[in-house]
S.K.: 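The structure is given below, and queries will be raised subsequently.
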Amino acid sequence: MNIAPISRIASRIQENVGHVIIGKNDTIELLVIALIASGHVLLEDVPGTGKTQLAKALARSLHGSMKRIQFTPDLLPSDVSGINFFNQKLGEFEFRPGPLFAHIVLADEINRATPRTQSSLLESMEERQVSIDGETRKLEAPFLVIATQNPVENQGTFPLPEAQLDRFLMKLSLGYPTAAEQVLILQRYQQQDPLDALLPVVSRAELLEAQLLFPQVRVSDELLHYIVQLAEATRTHADAALGVSPRGVRALMKAAQVYAALRGRDYVLPDDVKALAAPVWAHRILLRTRSRQQDQQVLALLKSILAATPVPTEVKMG
């Protein structure tokens, strides 16, 4: 099996995005993994850390369409999905597609829209289709939703329900750059925005090929049982009110397959699963007691589960 095309296009995208986003190679790689695994990404971080820039840089690296939706409390579902309007010239109804009809959809500050509008994304994210006035319209592949939200500005926001959070393959955070990285950012942005000069480096056909190839990366039965054991542990843990769903189990397997392919392997190792458990599962776990340190507590819970669950000693690689 030739998995080289997967790592080849991933390297091109990562290098291209790296011209705009400085010092966040790990986060860029995770975003590319989600893209190849046909998964959606939630970017949560404080304002000004480059969430929107990251999404735009990824979109410009691909030969595809990109639409941005600024979520606000007065945004309607039809503003997102589109409407049927009456064309007086033709004397008939005509469909006007909304911004969901794009290859990359940037849902900026998604938690500022009402639950009704947020729910308009559910069908498109899971089934890659939109139903309007009783008619179902398929969305063209590839289709990726990148949503952003700020964790510190809670006034006037509507927290995403667990059902919607579960539809995101990963939840990522950029964090503040180091002092040296900030100097490099200032130097690079001093005369012009590097995003303006960014050109596509991967065609739609190449990306679709990678999305068809990655499921062929082998996952042994021992590793499948290991992933299920980890998920069961999140569901039965005394501190967890809600554990990882079956959708989350599949998400970790798919992400691990792409992760292995990027490292030149056609088989998954336990370390691949461990490396991705936090970004793929942390946002799916709900603790019994909520606090401001929820994210840190969930990560600690996952760390303890990974440490306590026996790792398969024999993993079939061939």
Side-chain angles (χ1 to χ4, degrees), residues 31 34-43 51-52 54-149 156-169 195 200 202-212 245 247 250-251:
L31 184 60
L35 173 70
I36 295 172
S38 300
H40 310 291
V41 175
L42 178 63
L43 291 173
K51 300 185 296 296
T52 304
L54 175 59
K56 286 181 176 179
L58 177 69
R60 292 199 182 183
S61 300
L62 306 172
H63 283 277
S65 57
M66 184 255 186
K67 297 286 178 66
R68 178 178 179 272
I69 311 169
Q70 181 62 55
F71 278 69
T72 55
D74 60 348
L75 192 74
L76 298 174
S78 58
D79 297 329
V80 176
S81 57
I83 59 168
N84 284 311
F85 74 100
F86 188 74
N87 189 322
Q88 291 186 334
K89 271 189 177 180
L90 299 176
E92 60 183 28
F93 280 94
E94 191 175 313
F95 178 64
R96 180 180 292 160
L100 268 187
F101 288 83
H103 297 120
I104 306 287
V105 176
L106 172 57
D108 227 349
E109 296 188 295
I110 189 173
N111 56 333
R112 293 209 173 275
T114 61
R116 181 187 174 198
T117 303
Q118 288 178 11
S119 66
S120 65
L121 286 173
L122 294 178
E123 182 184 14
S124 64
M125 291 173 69
E126 183 66 18
E127 300 169 55
R128 266 64 174 181
Q129 65 182 33
V130 176
S131 296
I132 301 166
D133 294 339
E135 185 178 354
T136 300
R137 300 174 185 272
K138 289 289 183 183
L139 296 170
E140 189 178 48
F143 176 71
L144 171 70
V145 173
I146 302 176
T148 71
Q149 64 178 13
T157 62
F158 303 87
L160 296 180
E162 279 66 35
Q164 185 148 355
L165 283 172
D166 199 41
R167 281 167 167 79
F168 287 100
L169 182 80
L195 190 64
V202 170
S203 70
R204 182 170 163 261
E206 287 176 306
L207 177 56
L208 292 175
E209 180 191 5
Q211 291 180 338
L212 289 173
S245 68
R247 184 192 285 119
R250 295 196 307 273

S.K.: Quick check: closest heavy atoms across F168 and I110, and the distance to 0.1 Å?
M.R.: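 Where F168 meets I110 most closely, the heavy atoms are CZ-CD1, 4.4 Å.
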S.K.: Within the supplied structure, the quantity of interest is the number of heavy atoms (other residues, nucleotides, ligands) at a distance under 6.0 Å from R116 CZ; does it exceed 12?
M.R.: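 12 or below, so no.
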S.K.: Look up atom OG in S120 and atom CE in M125, then write down how far apart they are to the nearest 0.5 Å.
M.R.: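 Answer for the OG-CE pair, S120 versus M125, is 10.5 Å.
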S.K.: Just wondering, do E94 and R96 contact through their side chains at under 4.5 Å, heavy atoms?
M.R.: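 Not touching, per the 4.5 Å side-chain cut-off.
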S.K.: To the nearest 0.5 Å, what is the distance between CZ on R247 and CZ on R167?
M.R.: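 Atom-to-atom, R247:CZ and R167:CZ are 4.5 Å apart.
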S.K.: Distance from I132 atom CD1 to E123 atom CD, nearest 0.5 Å?
M.R.: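 If I round to the nearest 0.5 Å, the distance is 9.0 Å.
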S.K.: Applying ring-ring contact (aromatic ring centres under 6.0 Å, His included) as the test, list every pair that has at least one member in residues 111-134; sequence neighbours left out.
M.R.: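 Output for this query is empty, none listed.
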S.K.: Identify every side-chain donor-acceptor pair in residues 72-80 under 3.5 Å, counting partners at least two apart or on other chains, and give the distances.
M.R.:
unit_1	atom_1	unit_2	atom_2	d
T72	OG1	D74	OD1	2.6
D79	OD2	L76	N	2.9

S.K.: Could you report the tightest heavy-atom contact between K67 and P99, atom names first, then the distance?
M.R.: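 Heavy atoms of K67 and P99 come nearest at CB-O, 3.3 Å.
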S.K.: Locate the shortest heavy-atom distance separating Q164 from S119; write the atom from each residue and the value.
M.R.: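 Heavy-atom minimum between the residues: OE1-N, 4.1 Å.
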S.K.: Short question: side chain of Q118, backbone of F158 - any donor-acceptor pair under 3.5 Å?
M.R.: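 The answer is yes, because a donor-acceptor pair under 3.5 Å joins these two groups.
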S.K.: Do the side chain of Q149 and the main chain of R112 share a donor and acceptor less than 3.5 angstrom apart?
M.R.: no
S.K.: State, to 0.1 Å, how close G39 and L169 come at their nearest heavy-atom pair, and which atoms those are.
M.R.: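 Scanning both residues completely, I find the closest heavy atoms to be CA-CB, 3.8 Å.
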S.K.: Between R137 and F95, is NZ or CZ placed under 6.0 angstrom from the six-membered ring centre and within 45° of the ring axis?
M.R.: yes
S.K.: Nearest heavy-atom pair of H103 and S65: which atoms, and what distance?
M.R.: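 The answer is ND1-N, 2.9 Å.
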S.K.: Once you round to the nearest 0.5 Å, how far does NZ of K51 lie from CG of L106?
M.R.: 10.5 Å
S.K.: To the nearest 0.5 Å, how far apart are CG in N111 and CG in L42?
M.R.: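 Interatomic distance, N111 CG to L42 CG, rounded to 0.5 Å: 8.5 Å.
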S.K.: Report yes if some heavy atom in the side chain of R68 is under 4.5 Å from a heavy atom in the side chain of K56; otherwise report no.
M.R.: yes
S.K.: Looking at side-chain heavy atoms only, is the closest gap between E162 and S245 below 4.5 Å?
M.R.: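 No, every pair of side-chain atoms sits at 4.5 Å or beyond.
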S.K.: Is it the case that R128 places NZ or CZ above or below the six-membered ring of F143, under 6.0 angstrom from the centre and within 45 degrees of the axis?
M.R.: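 So R128 doesn't make the cation-pi contact.
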S.K.: List the atom of F71, the atom of L121, and the distance in Å for their closest heavy-atom pair.
M.R.: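 Of all heavy-atom pairs spanning F71 and L121, the closest is CZ-CD1, 3.9 Å.
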S.K.: Could you state the interatomic distance from OG (S61) to CD1 (I104), rounded to the nearest 0.5 Å?
M.R.: 9.5 Å
